[in-house]
Amino acid sequence: MNIIENTRKQIDEIINKACEKARETGDLPAGALLSGSVEIPRDVTHGDYAATHAMAAAKMLKLSPRKIAEVLTSYLELEGSYFRDSSIAGPGFINFFLADKWYDEVIKNVEDMGADYGVINIGDGKKVMVEFVSANPTGPMTIGNARGGVLGDTLAAILGKAGYDVWREFYVNDAGNQVALFGKSIDARYMQLCLGEAHYTFPEDGYHGDDIRNLAELIFDAQGDALKQLAEDERIRKFIEFGLPYNTALMKAHLERYRIGFDEWFHESQLHERGYVAETIELLDKGGLIYEKDGALWLKNMELGADKDEVMRRANGFYTYYAVDIAYHRDKLERGFDRVIDVWGADHHGHALRMKASMSAPALGVDGSKLDFLIMQMVRLTRDGETVKVSKRTGKALTLNDLLDEISVDACRFFFNAKPDSHLEFDLGLAVRQDSENPVYYVQYAHARICSMIATLRAEGYDVPGFAQINTALLSSETEHELIKQISLLPEEIKLAARDYDPSRINKYVVELAARFHKFYSACRIKGEERELLLARLKLADMVRAVISICLEILGITAPEKM
């Protein structure tokens, strides 16, 4: 249940019933139909909800918005509704003030739904794939992968809460030029271990990271120099066969540490083994979209709306990354997903636009409109105002695993889930602080504080009551009402986060919920109050605990009972 949506619908119904009566009496022209938006004003003195119907109808009815609002409010019937009163403001806003019935319904709804509070069904069971991280297995995962991992995982969780059937997928680039270079790099380091660095040249374009040295050392420790006698191509093949599974397993372990799991690890090599890439190019060729130039095959991507054509197969016979990507997205869409979402970095923005154009090709036989992208901006790590690029422990380029050695998983997941389309400045010093300046600590502390209070009161004979056992009329202060209003917003926030691919809405929501709880806790005493009031406020506090727990679960963050 989304009470915000229900409240807006009720306002629309109340206004249109008033309009119908005004037409019958001649106070509004016959045939008048009203529609408008219903918003939640920032200033509650203007009402809890504000409707724009009068202003939207002014031109059609040839009356001033204020006049229309005056007529409508004279016919409003609020008895039995969510509202106790209405008023007119400004040029013709119709403001509505919430009645006790609305607050009671929020409390009852949270109790009835329990751990499912916030669940809605805008997805109606539609199948959605979220593909994210997809780090190249030729090296360790970067800080960019760390952000993409959290955004993708949290978006998938939100879509699940919104009623979609969600599939998480990791795309493993285990074929192509980068893999060949990966094998050559391991081979060079292995041969240097066998012959000495001065006696074997490392390729200029090779991978220079310590992870490559580590792989070579693992092979040397197990095999000694026995493999140096093999032909270079044979050595490279063996090193790829060892290195790719080793790195993939390492990525899985690091992502599990990061609380991220996938339904499938899809390997690029599967596409090549099935001849699927060649088949995809053939389909495009039959559709008149392939041409040859300088020995290479090109896609007429500009005819599909892109800003440039793309090379599909180089003159040397190797397919390009772009060609394989088209094949992979064709495969995704053929698997029956109603929507396919890729989480990519800002450096892939142009690639995303061109891919969207390519997938619209009728020759591919799929619905390219089902392909969407969440484009995330870059991350800058700082400590004491200075940019951080290396690990304190290793002194090398900072990887996801290095970061998790320094910062808790909870902090990493919360901070990286900031608004995707904004550049993120991740303050490592702030992430480890245990005070209200650290937002994840602030939220977790609110949860732990409530758990501690519940335990204390239980020891004194006060258990959290059910809705039927409390006098909700006692929860009448502005502070209590503001807290209940914030609780009511979770289903709406999930709806908007799913619609906009913006998982950061849950961060902002739960921080505000914690803030309103701390304000309530300071202003409204619980322990020591008369039993009836104590139980009502205890129920409200427990609702906050439950909703914080739900939000933290969506974010993949722990909800501690003690801190």
Side-chain angles (χ1 to χ4, degrees), residues 115-116 118-119 123 125-174 244-270 328 331-332 335-345 372-374 376 399-405 407-417 420 440 494 497-498 501 503-504 506-507 549-560:
D116 287 333
V119 170
K126 290 185 174 68
K127 292 177 64 180
V128 177
M129 176 201 284
V130 183
E131 185 231 318
F132 58 105
V133 183
S134 297
N136 194 319
T138 57
M141 283 181 291
T142 66
I143 301 306
N145 300 139
R147 187 178 196 192
V150 168
L151 289 171
D153 193 49
T154 308
L155 176 61
I158 289 166
L159 291 169
K161 292 283 187 183
Y164 292 93
D165 180 3
V166 183
W167 180 266
R168 292 167 168 87
E169 186 152 303
F170 188 115
Y171 179 57
V172 184
N173 297 111
D174 63 339
L244 286 181
Y246 181 91
N247 275 5
T248 302
L250 204 59
M251 287 194 295
K252 287 182 179 180
H254 292 167
L255 287 168
E256 285 173 8
R257 182 184 181 190
Y258 204 28
R259 303 180 193 139
I260 293 176
F262 292 89
D263 296 293
E264 182 169 359
W265 289 66
F266 186 100
H267 290 73
E268 178 187 336
S269 55
Q270 296 173 233
Y328 175 47
D331 176 88
K332 286 183 184 182
R335 281 187 260 161
F337 291 101
D338 296 291
R339 196 184 311 175
V340 169
I341 304 168
D342 292 349
V343 181
W344 286 358
D372 284 336
F373 296 90
L374 190 165
M376 60 178 179
T399 66
L400 167 61
N401 206 46
D402 293 328
L403 186 64
L404 295 180
D405 286 339
I407 306 296
S408 72
V409 174
D410 287 342
C412 283
R413 289 192 63 111
F414 195 93
F415 278 69
F416 277 128
N417 199 52
V440 69
I494 288 173
Y501 301 166
S504 71
I506 305 303
N507 289 47
S549 180
I550 290 167
C551 292
L552 293 179
E553 182 185 17
I554 292 170
L555 296 171
I557 294 170
T558 60

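Of the candidates Asp405, Leu403, Asp410, Leu403 is the only one forming a side chain to side chain contact (heavy atoms under 4.5 Å, CB included) with Ile407. No option in Ile506, Asp153, Val440 other than Ile506 meets the side chain to side chain contact (heavy atoms under 4.5 Å, CB included) test with Leu555.
Closest approach of Leu404 and His254 over heavy atoms only: CD1-O, 4.3 Å. Nearest heavy atoms, Pro420 versus Leu374: CB-CD2, 3.5 Å. When all heavy atoms are compared, the tightest approach of Asn173 to Ser134 is OD1-O, 4.1 Å. Closest approach of Ala498 to Ile158, counting heavy atoms only: N-CG2, 3.7 Å. Arg259 and Ile557 make their closest contact through NH1-CA, 3.8 Å (heavy atoms, listed as atom of the first residue, atom of the second, distance). The two atoms that bring Gly139 and Asn247 nearest to each other are N-ND2, 3.9 Å, heavy atoms only.
A donor-acceptor distance shorter than 3.5 angstrom exists from the side chain of Asn136 to the backbone of Thr138, with no hydrogens or angles considered. A donor-acceptor pair is defined here as one N or O able to donate and one able to accept, closer than 3.5 Å; no such pair exists between the side chain of Asp372 and the backbone of Ile341. Asn417 places a side-chain N or O within donor-acceptor distance of the main-chain N or O of Pro503, the cut-off being under 3.5 Å.
Annotation: cation-pi geometry satisfied between Lys252 and Trp265 (NZ/CZ under 6.0 angstrom from ring centroid, within 45° of ring axis).
In this structure, Asn507 CG and Cys551 SG are separated by 9.5 Å, a value rounded to the nearest 0.5 Å. Interatomic distance, OG of Ser504 versus CZ of Phe414, reported as 10.0 Å (0.5 Å rounding). If you take OG1 on Thr154 and CD1 on Ile554, they are separated by 9.0 Å, rounding to the nearest 0.5 Å. Atom CD of Glu264 sits about 6.0 Å away from atom CD of Gln270, to the nearest 0.5 Å. Atom CE of Met376 is separated from atom CZ of Arg147 by 7.5 Å, given to the nearest 0.5 angstrom.
Taking a cutoff of 4.0 Å between a charged side-chain nitrogen and a carboxylate oxygen, Asp165 and Lys126 do not qualify as a salt bridge.
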- Task: Go through the steps for Asn401 and Tyr258 under the test side-chain contact (heavy atoms from CB on, under 4.5 Å), then give the verdict.
- Result: CA-CA 9 Å; Asn401 206 46; Tyr258 204 28; over 6 Å; no
- Go through Tyr501 and Leu155 one step at a time and tell me if the side-chain contact (heavy atoms from CB on, under 4.5 Å) criterion holds. CA-CA 7 Å; Tyr501 301 166; Leu155 176 61; 4.3 Å; yes
- Item | Stepwise side-chain contact (heavy atoms from CB on, under 4.5 Å) test for Met129 and Arg335 | CA-CA 10 Å; Met129 176 201 284; Arg335 281 187 260 161; 3.7 Å; yes
- Message: Working note: Asp338 + Val128, criterion side-chain contact (heavy atoms from CB on, under 4.5 Å); need CA distance, chi angles, decisive distance, verdict.
- Response: CA-CA 6 Å; Asp338 296 291; Val128 177; 5.6 Å; no
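Ring centers of Phe262 and Phe132: under 6.0 Å apart, within the cut-off. When ring centroids are compared, Tyr328 and Phe266 come within the 6.0 Å threshold.
Side-chain N/O atoms of Asp174 and Ser269 include a donor and acceptor closer than 3.5 Å. In this structure, a donor-acceptor pair under 3.5 Å is present between the side chains of Asn145 and Thr142.
Remark: Glu553 CD is loosely packed, at most 12 non-hydrogen atoms of other residues, nucleotides or ligands lying under 6.0 Å away.
Contact annotation: the side chain of Glu169 never approaches that of Val133 to less than 4.5 Å [non-hydrogen atoms, C-beta and beyond]. With contacts defined as side-chain heavy-atom distances shorter than 4.5 Å, the pair Thr399/Met141 does not qualify. Side-chain contact between Val130 and Val343 is present, with at least one heavy-atom pair separated by less than 4.5 Å.
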